[in-house]
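Below you'll find the structure, written out as structure tokens, and then a few comments.
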Amino acid sequence: MPSVVKINVLTVPDEQREVLEKRFASRAGSVENSDGFEWFELLRPAEGTDQYLVYTRWRSEEDFQNWMATSMRGAHGGGQGQGGAHGGAQGEGGERPKPAASGSTLWSFEVVQQAAPKA
């Protein structure tokens, strides 16, 4: 069975970039221990776009769905969006901080070919 890749495309206004990156940094390690998790990358746009890409690779669709239903719901107050852009830690006084992303789209792929550097 091929691995699955989930790419969450987050539209992030310039003034929210630092907020988004800090939220991801503060939750480092929260996905790495999930069953079936294989890889994570947060990709900052270099030029010409305001869209960040949150790349995760999973052993199976079922593993991703299990993570969505458990760990992510707790970390993001109900599983809204992937990767911390729409939730995160509670602010002072218990209020939820403003989302760093103004939009989110989830892309799904199956890995059909891959390569690594030769040793």
Step by step, would you call Ser104 with Asn8 a side-chain contact (heavy atoms from CB on, under 4.5 Å)?
-> CA-CA 7 Å; Ser104 173; Asn8 199 5; 2.7 Å; yes

Yes or no on side-chain contact (heavy atoms from CB on, under 4.5 Å) for Phe24 and Val54, after CA distance, side-chain angles and deciding distance?
-> CA-CA 10 Å; Phe24 272 95; Val54 182; 3.6 Å; yes

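When every heavy atom of Trp58 is checked against every heavy atom of Asp35, the shortest pair comes out as CZ3-O, 4.1 Å. Considering all non-hydrogen atoms of both residues, Ala100 and Gln16 come closest at O-CB, 3.2 Å. Between Gln51 and Thr49, the shortest heavy-atom contact is N-OG1, 3.2 Å.
For the atom pair CG (Leu53) and CH2 (Trp107), the distance works out to 6.0 Å, reported to the nearest 0.5 Å. Note that CD1 of Ile7 is 9.0 Å distant from OG of Ser108, once rounded to the nearest 0.5 Å. The distance from atom CG of Leu20 to atom CG of Leu10, rounded to the nearest 0.5 Å, is 6.0 Å.
Note on ring orientation: taking the six-membered ring where Trp is involved, the planes of Trp67 and Phe64 are tilted (angle from 30° to 60°).
In this structure, the side chains of Val111 and Phe109 stay at 4.5 Å or more apart for every pair of heavy atoms.
Among pairs with a residue in residues 61-71, those fulfilling salt bridge (charged side-chain N to carboxylate O under 4.0 Å, His left out) read Lys6-Glu61, Arg59-Asp63, at least two apart in sequence or across chains.
Tyr52 and Val19 sit in two unconnected hydrophobic clusters of ILVMFWY residues. Membership requires side-chain heavy atoms under 4.5 Å apart, directly or through other members.
Neither side chain, Arg23 nor Ser26, offers a donor N or O lying under 3.5 Å from an acceptor on the other.
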Just distance, no hydrogens or angles: give the donor-acceptor pairs under 3.5 Å from side chains in residues 36-46, sequence neighbours left out.
residue : atom : partner : partner atom : Å
Glu38   : OE1  : Ser3    : OG           : 2.8
Glu38   : OE1  : Arg57   : NE           : 2.9
Glu38   : OE2  : Ser3    : OG           : 3.3
Trp39   : NE1  : Glu41   : OE2          : 3.4
Arg44   : NE   : Glu21   : OE2          : 2.8
Arg44   : NH2  : Glu21   : OE1          : 2.7
Arg44   : NH2  : Glu21   : OE2          : 3.4

